[in-house]
Amino acid sequence: MSPPGRPKGEYRSAQHEGRPLSVCARVVGALLLCASCVALAADPAKVLRLATSDIDTLDPQQWQDTYSNIVGSSIFEAMYQWDYFGRPPEPVPDTAAAAPEFSADRKTVTVRLQPGILFTDDPAFKGKPRELTADDYVYSIKRYLDPNLRGGGDPLLTDLIVGMRAVVDAARRPGARLDYDARVEGLRALDRHTLQLRLTDVNYPLVADILVGVRAVAREVVDAARGDIQARPVGTGPYRLVEWRRGTRVVLEANPRYRGVAFPASTDPRHADLIAAMQGKRLPQVGRIELSVIDEQQTRLLEFESGNLDYVELRGEAAQRFLVRGELDPALAARGIRRQTYSTNSVRSIYMNMEDPVLGGTGIAQVALRRAIALALDVEALIRVVYNGQGLPSSQIVPPGVSGFDPQSRRPPHDPVTANALLDRVGYGRRDAQNFRLQPDGRPLTLSFTIFPGTVWREIQTLFKRNLDAIGVRVEFKVVPTQDLFKEAAQGQFQMNIHGRGGGPVGLLFSTLYGPTPPEGNETRFRNAQYDRAFEGFLRAADEKTRLAHARTMTALTQVHVPIIPLLVDVENAFVQPWVMGYHRSPFGTYWKYLDIDAARRLRGAGGR
């Protein structure tokens, strides 16, 4: 997909050539008859065994954590997906039949779906095959924008789609619900397989967010489940859920109604061997995916080393066990184990609650306190000691490879001397008997820092406590499970926390500090009119140079007000067993459907240990 104003050759103006209905009906009928036999290439004996952190929900319009998204993206499908090999990637058709068609003014987008795509079976379908239609995406987009669901809707997308704002505002009234039957001028199914979006403005990033980010659900299933489909995921994707034991295990099996796909192509010679090995295969090949909930990286590493996991993606010190002088251990290479390294699509940051009476706000003392914390944190030591060099220091919300990333931006240096002088100057000069600072009004100053459990996080606690002790700021750490941290953040029940936040390649991570973004996305509750204007300009920009100028404004405001402290971009190491075929790590999606298992080689590998 090209930014507005810079269409590539595969795009054309929307000219809705008709197709005889009788021909369409015959084609759809034939596809429906054969669809259930296509996925028979998936072999139940081929089992992909992986580790995950616990997931929260498999409702695609309500997941808010990475792990739910990873699992759910193999069950539900969007119209487009990010190209498997592209860096940066472009959207390519998933359930769509071709590239989207843009009108001359770039404000009308038309998408034609592949006919004959089927949902997995569910009692709501009353024993009949249920085909994916354009109306399913109309419903799912409305659901994505529903302000009463956990995600809180999306103000930007709501304003972008002509006529959507009135429907969403009506749903915000006390006791009201979103009217899914309300006609929205800018969101229509032109026919069974054609969706049209009419936009209030040109906005490439948000269009991409709709096309790649909104996954189709069937309204009958949602209605039958009374809105609660978190454990009743019924999609069109390559896999379906067969088991979910919270905190322990998730199991997927190949969807027998899946249409099947071929392995992606690439002109990059670096991928030639990988593509050749997968040539001619009907995918998915893997019949079953077993995910074990394992939070500790060291445990994942040991399970991989024992052959119980087919690949692991490790960060920081955990990866060093498999490396010798920065390269894959020759003993592992001799076993056929492969290594891929890559920077992730997320930035690990400290988030400040801007509504907190001690740490938040725009007063001189509060802003100075946040700046002092940023100056006190030794990010170079964090990367060197805790992450064993497997990280890149960050000064901005977005990571490399994402629109708006500024390669010239640098982190402020670690400077506890300046941090101490700043605190002394704005009223934090008095200290208690333990030499910790008092608030300007004389009350004790104690900050609460919410953090995940685990070895790496304990090391981060140790380092950050030492850093904050050096400027006389007392900190108490609150260790909570992964999902609890995100829930408390959405509810505003935190003072500081730390986690990574990732996204697609179009730069929508900047929305995490956009004032109208719901607290599920803007957990800091940061509101700044200048930042909001810059973000809106970023979305409207027709070229990357203009987007970068707006991004620099947002980065500068972030450094002035310090609602977050960007720390680092993780460098991950993927270690892959020799029997896994088709693996290519993408930071922008999960593509289990493209993998294969050489069962005979797995048996030989197990016998050789």
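Considering every non-hydrogen atom in both Gln559 and Ser409, the closest pair reads NE2-OG, 4.2 Å. In this structure, Val347 and Ser394 approach most closely via the heavy-atom pair CG1-OG, 3.6 Å. Of all the heavy atoms in Ser403 and Glu544, the pair that sits closest is OG-OE1, 2.9 Å.
Counting heavy atoms of neighbouring residues, nucleotides and ligands inside a 6.0 Å radius, atom CD of Gln530 does not exceed 12 of them. Residue Asp105 places its CG atom among more than 12 non-hydrogen atoms of other residues, nucleotides or ligands, all under 6.0 Å distant.
Sorted by first and then second residue, the salt bridge (Lys or Arg N to Asp or Glu O under 4.0 Å) pairs involving residues 59-72 (not counting sequence neighbours) are Asp59-Arg143. Applying the salt bridge (Lys or Arg N to Asp or Glu O under 4.0 Å) test to pairs two or more places apart or on separate chains, those with a residue in residues 527-538 are Glu355-Arg527. For residues 394-409, the pairs satisfying salt bridge (Lys or Arg N to Asp or Glu O under 4.0 Å) are Asp406-Arg552, with sequence neighbours left out.
Atom OG1 of residue Thr236 and atom CZ of residue Arg259 lie 6.0 Å apart, to the nearest 0.5 angstrom. To the nearest 0.5 Å, atom NZ of residue Lys281 and atom CG of residue Asp596 are 3.5 Å apart. Distance check, rounded to the nearest 0.5 Å: CD1 of Ile141 to CG of Leu195 gives 5.5 Å. Between atom CD of residue Glu520 and atom CD of residue Gln62 there is a gap of 10.0 Å, rounded to the nearest 0.5 Å.
Under the rule for a side-chain hydrogen bond (donor to acceptor under 3.5 Å, both in side chains), the partners of Tyr387 that lie at least two apart in sequence or sit in another chain are Arg348. Residues passing the salt bridge (Lys or Arg N to Asp or Glu O under 4.0 Å) test with Arg501, sequence neighbours excluded: Glu523. Judged as a side chain to side chain contact (heavy atoms under 4.5 Å, CB included), and not counting sequence neighbours, the contacts of Pro412 are Leu375.
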